[in-house]
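Labels below follow one simple rule: chain letters A, B, ... track the order of the sequence lines, proteins then strands, and each chain is numbered from 1. Bear in mind the structure is a predicted one, so any value in this text is a computation, not a measurement.
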Amino acid sequence: MLCVDCHTPREDGTYAGVPPLSRCAGCHTANLGPTAAEREFIAQYVKTKREPEWAVYARQPENVWFSHTPHIRIAKLQCQQCHGEQGRSELPRPYQEDRISGYSRDIWGYQAVGGVVPGMKMDDCIACHRQEGLAHSCLDCHK
Amino acid sequence: MQNTRRNALKFIGGAAAGAVLTPVPWRLITDTALWSENWPGIPRPLQGEVSTRYTNCSVCPAGCAVRARCVGGQPVSLAGVAGHPLSRGGLCAFGVAGHHLPYCPGRLTAGPVEAAAGVIARAAANCNAAAAGTPGAVCNPGETIGVLDLRPGRTASWTYRRAMGTVKGGLYLTAGEPFSGAAVDLSKARTVLSLGAPVLDGWGTPGNVLAARANFRLIQAEAIESRTASLADLWLRIRPGSASTLALGIAKALKKGSVAGAAEATGLAEAQITDLAAELTQHGPALVLPGYDCPEAWALNGLVGEFGVTVVARPEAPVPEHWNKNCAPVTPLASIADGSIRTLIIDESAPGDHIPWGAIRRKLVADNPVVIAFASSPAGYARHSLFTLPTAVYPETLEDIPAAIDSPRAAFRLAVPLVAAPAGVVNPPEFVAKAAGIDATNALRERADAICKTGRGVLITYTDGRAKPVAQVAPDDFWRALNAGACWLDTESRRAAPPHADWTAPDARPAENARLPLVAVLAETAPAAPASPLMTKLDRESNLRLGPSRAALHPETARSCGAADGGRAVLETALGKCPITVVVDASVPPGVVQVAASPEVIDICGAGARCRVASL
Amino acid sequence: MTSEKKPGKIRRYGMAVDIDKCTGCGACMIACAVENNVPPGNRGATDLTGITWLRVFKVDNGEEYPRKESVYFPMMCQQCGVETPCYLVCPQQAVDVDPATGIVGQMPERCLGCRYCMAACPYHARYFNWWDPQWPAGMEKTLNPNVAPRMRGVVEKCNYCHGRWHAAIERAAQAGLEDIDASDYVPACVEACPAGAIRFGDLNDPSSAPAQAARDPQSFRLLVSLGTEPKVYYHSKREWARRIGDPSQAPAPKETSRG
């Protein structure tokens with residue numbers, strides 16, 4: 001599967017991020033495989049029409065403005081370059097959260113051990129922007 | 001102090017203890033929260049798809065076109081529609097925050113709906129029975145049921161007229177100033193004399209007034225330094241309450257009579273009045289706009305010969321033929337006999353100017369009249385009504401907005417629902433229609449179809465900015481366009497006959513009164529409450545407007561009342577009292593109380609009301 | 001942070017305000033508050049403790065009736081171009097001057113609330129959050145998602161509607177363009193003014209309204225003698241109004257608490 005099979009832009013061009021349950025249910029109305037996780041998902045979410053409360057690795061604080069459009073359409077970045085290789089393991093990486101701020105460790109805490117995941121801290125964004133000669137001012141990314 | 005270790009430790013200990021008492025520890029803790037921007041109770045804006053929807057603002061009778069930016073369907077900001085022929089892209093401060101109105105604190109959402117429906121139905125039946133001479137009718141002869149419509153000309157107004165038409169003697173009432181049938185064409189005016197009308201501060205359609213501003217010389221005759229007075233080309237500071245005397249004086253000057261009486265009453269020089277009269281006739285088409293306290297001054301436009309040029313007949317969009325049959329006539333409230341209404345229904349859901357309660361109360365029967373008010377705020381007639389039924393507010397409503405006073409051509413545009421109304425609110429015209437036994441659920445569609453059928457006028461749509469002749473539009477497309485915020489505009493305006501005015505009446509003078517030494521002047525009309533809480537930016541977080549329940553006094557006047565700036569006081573007139581907060585302002589004339597015009601204040605003040613201010 | 005700059009268009013955004021046209025209606029103030037999620041005044045808020053990124057004042061010529069004349073004067077951050085006082089004094093580097101746009105950006109997330117910048121600003125254009133932002137129940141739905149709300153204890157000010165700047169970048173990217181369309185970026189106050197008294201544009205573009213105002217002898221700026229090079233040009237045909245920007249010529253205040 002490709003990233004864009006589920007994570008697609010909205011009509012106005014912005015990225016919707018996490019797809020609604022209807023996208024998952026489009027395929028998973030019945031069991032497609034033998035896993036218990038899928039059975040659980042269908043029973044608890046698809047059948048009861050309950051939106052899952054996704055734990056988003058990449059959710060940035062309220063004061064950050066990030067738009068996918070310039071990064072995908074102009075800079076032609078691949079999803080994996082910032083979000084890491086997803087879907088290559090049996091289980092997803094555990095979602096870890098900073099206790100005081102409530103933010104995902106990807107954006108607030110230390111770099112994940114092993115360096116498999118590109119970080120999503122402000123420093124990582126700035127490092128790439130600097131590399132491309134796109135050094136910006138604060139208000140370009142902060143709301 | 002010696003440099004000992006003990007002293008040093010004492011100092012450090014004291015500093016540490018002291019530091020705990022300062023805000024520093026809390027600041028450090030909240031700093032951590034701050035840098036994560038995730039503090040408890042953080043308001044989270046909606047996320048979703050951004051879309052644009054068009055509607056028309058129904059907060060005031062101007063009906064400016066609105067472009068709403070919506071996130072996931074919820075409007076988050078409103079702006080005017082650039083290039084619109086009626087509103088010229090303008091939207092006032094109240095319209096810009098209109099999307100807050102559904103969430104204003106204190107908004108009414110529940111009321112005795114069943115009980116009120118029963119009351120109206122029974123009252124209608126009783127009136128019919130009484131008129132038919134049926135024995136045992138509860139309604140006494142001469143008593144009837146009436147609907148008071150504060151914004152006439154809407155489709156809802158026609159529904160009320162049809163509903164009252166089914167009841168013998170049923171009344172459809174409006175505020176009906178002596179000449180409410182006027183509309184104004186500002187683009188033709190070269191001299192505008194305003195007798196206290198807030199031309200630059202909420203009169204007509206703001207965008208239209210400002211677009212025409214460069215074309216005319218504005219003369220403001222007013223007692224207080226209102227926003228319009230301070231921006232006018234000429235401000236004539238007349239005595240409070242003497243605007244109608246000034247109108248009379250001008251009429252006399254035009255007929256070469258004596259203006260001595262008018263000069264004395266207004267405080268102007270005789271030469272100023274005669275010059276004013278000359279200017280009105282010699283410098284291009286003139287326009288005279290009356291203020292709230294001199295509505296008869298419309299007739300001056302007839303004397304300066306501008307009926308048909310700057311003043312035209314108030315236009316109304318066409319209605320289906322069958323509505324004209326069996327509908328109650330438009331009756332001004334003042335023209336009916338006192339004590340003749342037993343059941344009064346007041347539609348305050350789309351308000352215009354607030355009528356003082358006293359003027360309404362005298363038309364009701366003395367013993368236990370039944371007043372039912374449709375309102376979304378407890379601050380208006382809900383204070384006086386027996387039943388208050390909650391209504392939807394802009395932008396929850398689907399209703400039409402008649403052409404504003406400064407539109408010489410008829411217009412039909414809809415305020416379109418952008419958000420859902422809460423459960424429990426009623427739709428006033430449908431409610432009254434059902435109680436009277438007629439079906440008005442499709443009234444708006446019927447009227448739109450009738451307009452489309454006449455083939456007159458143009459349809460202005462926004463997505464493509466075009467004005468299409470209606471003759472080329474099918475009824476279904478017409479209705480769909482209207483629901484997307486489009487506007488129908490007629491192609492012609494109608495001449496109006498000037499009203500008759502009694503120009504020989506003696507000069508009126510505000511009477512002196514020892515107990516009530518001050519004169520109250522109403523300032524700052526604002527759309528009826530509730531207003532967006534952001535309005536505090538204009539009246540509390542800055543000094544731009546007075547704000548509700550505030551009154552400005554000259555320093556000497558304040559001293560004589562014992563009131564200090566920001567102090568609480570009571571404003572008392574012959575009709576009652578109401579609490580106010582005093583603001584000291586040297587630009588207010590001495591002896592005048594410049595009070596913000598809220599319903600409470602309007603109820604107790606009339607034109608040039610004498611009053612006193614007692615500090616608390 | 002802004003050391004290596006990819007060569008792009010260098011702009012200096014400014015405003016041209018015609019105070020002869022302003023009627024003091026306040027639509028700009030409300031539009032600013034709506035766009036930037038400025039909370040309604042707390043119950044105890046006054047004109048000294050409230051937050052009005054854009055505030056309209058009434059200024060008169062000091063005379064009495066009938067020679068009294070008044071103008072309404074919108075005041076927002078003047079976006080000082082040289083020796084920006086707030087930028088120079090901030091101990092947290094919470095103020096950022098963008099060399100690409102000339103906009104002085106306030107970063108509430110870095111601010112620790114010392115209010116040194118408020119003291120340094122000669123135009124009183126900075127406001128402190130004395131209280132946590134509070135909207136009535138349900139009204140949070142009407143907040144603008146392009147601007148983050150600020151908590152108590154930080155300073156905020158006009159940033160020329162950075163939320164709209166972001167929206168313009170987004171729209172340009174959707175069209176495949178790297179640079180924004182100049183007409184796409186319009187601050188809320190400019191869009192809201194029914195009289196068209198406030199206009200916005202790039203001072204480096206000679207055809208823009210502010211650039212034209214800069215060349216107009218009837219324009220003036222506030223407190224030019226301080227050397228802050230503000231980028232807001234006010235315009236009036238009346239000579240007494242043009243002297244408003246010069247403190248040595250201000251008339252004595254009268255006994256009034258208003259304006």
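Residues of residues 127-134 of chain C placed with any heavy atom under 4.5 Å of a heavy atom in chain B are listed by number as D132(C), P133(C). Residues of residues 18-34 of chain C that come closer than 4.5 Å to chain B, counting heavy atoms only, are C22(C), T23(C), G24(C), C25(C), G26(C), A27(C), M29(C), I30(C), A31(C), A33(C), V34(C), ordered by residue number.
With a 4.5 Å cut-off on non-hydrogen atoms, R67(B) touches chain C through its side chain but not through its backbone. Contacts of L231(B) with chain C are made by side-chain atoms alone, with heavy-atom separations under 4.5 Å and no backbone atom involved. Contact annotation for P75(B): only backbone heavy atoms (N, CA, C, O) come within less than 4.5 Å of a heavy atom of chain C. If you measure heavy-atom distances from P145(C) to chain B, the contacts under 4.5 Å come from both the backbone and the side chain.
Atom CD of E49(B) has more than 12 heavy atoms from other residues, nucleotides or ligands within 6.0 Å. Heavy atoms of other residues, nucleotides or ligands lying less than 6.0 angstrom from CZ of R107(B) number more than 12.
Of all non-hydrogen atoms in P149(C) and P43(B), the two that sit nearest each other are CG-O, 3.5 Å. Between L143(C) and V76(B), the shortest heavy-atom contact is O-CG1, 3.4 Å. The two residues R237(B) and Y65(C) make their nearest non-hydrogen contact at N-OH, 2.8 Å. E225(B) approaches K68(C) most closely through the heavy-atom pair OE1-NZ, 2.8 Å. Residues R69(B) and E35(C) approach most closely at NH1-OE1, 4.5 Å, considering heavy atoms.
Listed options H554(B), H99(B), R213(B), R540(B) were ranked by heavy-atom pairs under 4.5 angstrom with chain C; first place goes to R540(B). Contact count against chain B (heavy-atom pairs under 4.5 Å) is highest for P40(C) among P40(C), P194(C), G50(C). If you tally non-hydrogen atom pairs under 4.5 Å between each of A192(C), P39(C), C193(C), P66(C) and chain B, the highest count goes to P39(C). Per-residue heavy-atom pair counts under 4.5 Å with chain C were compared for C104(B), S542(B), G90(B), and the maximum is reached by S542(B).
Expressed to the nearest 0.5 Å, how far CG of L101(B) lies from OG1 of T142(C) amounts to 10.5 Å. For the atom pair CD of E541(B) and OG1 of T52(C), the computed distance is 6.5 Å after rounding to the nearest 0.5 Å. Here the CZ-OG1 distance, from R43(C) to T536(B), works out to 13.0 Å after rounding to the nearest 0.5 Å.
Side-chain contact between K537(B) and V38(C) is present, with heavy atoms from C-beta onward closer than 4.5 Å.
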- Item | Candidate pair W135(C) and H100(B), rule side chain to side chain contact (heavy atoms under 4.5 Å, CB included), full reasoning | CA-CA 10 Å; W135(C) 281 270; H100(B) 290 167; 5.6 Å; no
